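Written below as structure tokens is the structure these notes are about.
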2 protein chains.
Amino acid sequence: MVDVFRALDDETRRLVLDELSARDGQTLFEICSVLTMRHGLSLTRQAISQHLGVLESAGLVDTERRGRSKFHYFNPEPLAEITGRWPTRKRTEQ
Amino acid sequence: MVDVFRALDDETRRLVLDELSARDGQTLFEICSVLTMRHGLSLTRQAISQHLGVLESAGLVDTERRGRSKFHYFNPEPLAEITGRWPTRKRTEQ
DNA sequence: TTGATATGCAAGCCCTCACTTGCCTATAGT
DNA sequence: ACTATAGGCAAGTGAGGGCTTGCATATCAA
């Protein structure tokens, strides 16, 4: 089990969320190619797979397997843990 | 320079933000005692100091020095980088 | 000035994390 | 059945992070 804060503490994982947010339901290979094409990342398929595992473990990504493909969906719900923890209010100037 | 995501990837630092959010303008020693009293943390003063340094480097904590004391203030502005990056919208069910 | 208080700096240790490499499983096509 | 595709598992490595220890600096009080 991985909490949301640690899952977000990685630029690659944040880029994965960006891509899934732009186009939901991509497979591992699609995400790999997009990351290398559009962001110049030279990472192994396993690296991306592990990142997706972390995101899934944090609840930020839901998966659905059909055949030999696995589709990934961005789930923003866990982000509420961040936004709700520190209610934004004005700093009390002493 | 530390980004917001890494600064938040530590429960101790999140507790520090909790305490500053509850009572703003505390000194290092006040934060240390509060963390040990209310959260059972057994950390050195230097550990907390380093955590405060990370939070300040991320812009989440502003400091103000008066005499030999340093007062810490919670600044929630950098949190906008998180809330604004992935606009919450419904998952496009295919 | 002397001593206590509040904080800073720096080196070292240990553990976690991101990434790679190598091999294995399962599904689809011919 | 054979081959290619899509993905999973596990061990190993290198770098960074959290924490401690030890010493140094600066401010206040007597």
Side-chain angles (χ1 to χ4, degrees), chain A residues 1-20 23-37 39-58 60-73 94, chain B residues 1-20 23-37 39-58 60-73 94:
Chain A
M1 272 304 161
V2 175
D3 59 64
V4 194
F5 300 99
R6 188 149 72 78
L8 290 181
D9 181 19
D10 188 282
E11 180 61 20
T12 303
R13 286 198 285 269
R14 295 193 289 266
L15 287 175
V16 169
L17 291 186
D18 289 342
E19 292 305 324
L20 287 183
R23 188 165 75 88
D24 223 1
Q26 299 191 58
T27 69
L28 171 59
F29 270 69
E30 287 173 327
I31 297 174
C32 283
S33 62
V34 162
L35 287 183
T36 53
M37 299 294 190
H39 301 278
L41 291 190
S42 61
L43 291 181
T44 336
R45 173 184 59 85
Q46 284 81 353
I48 310 292
S49 177
Q50 288 171 8
H51 282 307
L52 286 171
V54 173
L55 290 171
E56 186 177 3
S57 171
L60 284 165
V61 161
D62 295 329
T63 61
E64 181 185 0
R65 184 140 203 173
R66 287 202 305 271
R68 57 182 169 181
S69 293
K70 190 176 179 183
F71 302 93
H72 302 265
Y73 302 92
Q94 101 164 53
Chain B
M1 272 303 161
V2 175
D3 59 63
V4 194
F5 300 99
R6 188 148 74 77
L8 290 182
D9 182 19
D10 188 281
E11 181 59 22
T12 302
R13 286 197 286 268
R14 295 193 289 265
L15 287 175
V16 169
L17 291 186
D18 289 342
E19 292 305 326
L20 288 182
R23 188 166 75 89
D24 223 2
Q26 299 191 57
T27 69
L28 172 58
F29 269 69
E30 287 173 326
I31 297 174
C32 283
S33 63
V34 162
L35 286 183
T36 54
M37 298 291 190
H39 300 280
L41 290 190
S42 60
L43 290 181
T44 335
R45 172 184 60 84
Q46 284 82 352
I48 310 292
S49 176
Q50 287 171 9
H51 281 308
L52 286 171
V54 173
L55 289 171
E56 185 177 4
S57 172
L60 285 166
V61 161
D62 296 328
T63 62
E64 180 185 1
R65 184 140 204 173
R66 286 203 304 273
R68 57 183 168 181
S69 293
K70 190 176 179 184
F71 302 92
H72 302 265
Y73 302 92
Q94 107 164 52

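Just so we're clear, the structure is a prediction, and the values are computed from it rather than from any experiment. Chain letters run A, B, ... following the sequence lines, proteins first and then strands; every chain starts at 1.
- Note on A:S49: a side-chain N or O is less than 4.0 Å away from OP1 or OP2 of D:dG8.
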Give every pair of a protein N or O atom and an N or O atom of nucleotides 2-5 of chain C that lie under 3.5 Å apart, one pair per line with the distance.
residue	atom	partner	partner atom	Å
C:dT5	O2	B:R68	NH1	3.2

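- Atom CZ of A:R45 is separated from atom P of D:dA6 by 10 Å (rounded to the nearest Å).
- At least one side-chain heavy atom of A:L15 sits less than 4.5 Å from a side-chain heavy atom of A:E11.
- Close to C:dA26, at under 4.0 Å from its OP1 or OP2, lies no side-chain N or O of A:K70.
- The listed nucleotides are C:dC19, C:dT7, D:dA6; the one nearest the side chain of A:F29 is D:dA6.
- One interatomic measurement links the two molecules: CD of B:E64 to C1' of C:dT7, which rounds to 16 Å at whole-angstrom precision.
- Residue B:A47 places its side chain closer to D:dC19 than to any other of C:dT7, D:dG8, D:dC19.
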Within the sub-3.5 Å range, which N or O atoms of nucleotides 14-17 of chain D have a protein N or O partner, and how far apart are they?
residue	atom	partner	partner atom	Å
D:dG17	OP1	B:R6	NE	3.2
D:dG17	OP1	B:R6	NH1	2.8
D:dG17	OP1	B:R6	NH2	2.9

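- If you check every strand for non-hydrogen atoms under 4.0 Å, A:T63 touches nothing.
- Nearest approach of B:D3 to B:A58, heavy atoms of both residues: O-CB, 4.0 Å.
- Of the possible polar contacts, one joining the B:T36 side chain to the B:S33 backbone as a donor-acceptor pair under 3.5 Å is found.
- Within the 4.5 Å cutoff, the side chain of B:L28 has heavy atoms near those of the B:R45 side chain.
- Contact check for B:D9 versus A:L8: no side-chain heavy atoms found under the 4.5 Å cut-off.
- For the pair B:L17/B:V61, a side-chain contact is recorded, criterion being any heavy-atom separation below 4.5 Å from C-beta on.
- Distance check: B:L20 CG to B:D62 CG gives 10.5 Å after rounding to the nearest 0.5 Å.
- Two residues are said to be in side-chain contact when any heavy atoms from C-beta on lie closer than 4.5 Å; B:T27 and B:F71 meet this criterion.
- When all heavy atoms are compared, the tightest approach of A:E19 to A:H39 is OE2-NE2, 2.9 Å.
- The base of D:dG22 sits within donor-acceptor range of the side chain of B:Q46, with an N or O pair under 3.5 Å.
- DNA chain C lies under 4.0 Å from at least one heavy atom of each of the following residues of residues 50-57 of chain A: A:Q50, A:H51.
- Atom CD1 of A:I48 and atom P of D:dG7 are 12 Å apart (whole Å).
- Within the 4.5 Å cutoff, the side chain of A:L35 has no heavy atoms near those of the A:H51 side chain.
- Per the geometry, NE2 belonging to B:H72 stands 10 Å off C1' belonging to C:dA6, to the nearest Å.
- In this structure, B:I31 CD1 and B:L52 CG are separated by 4.5 Å, a value rounded to the nearest 0.5 Å.
- The structure places CG of B:D10 at 11.0 Å from CD of B:Q50, a figure rounded to the nearest 0.5 Å.
- Counting only heavy atoms from C-beta on, A:T44 has its side chain closest to C:dT20 among C:dT20, C:dC19, D:dG7.
- D:dT27 atom C1' lies 15 Å from atom CG of B:L28, rounded to whole Å.
- Atom CG of A:L35 is separated from atom C1' of C:dC19 by 15 Å (rounded to the nearest Å).
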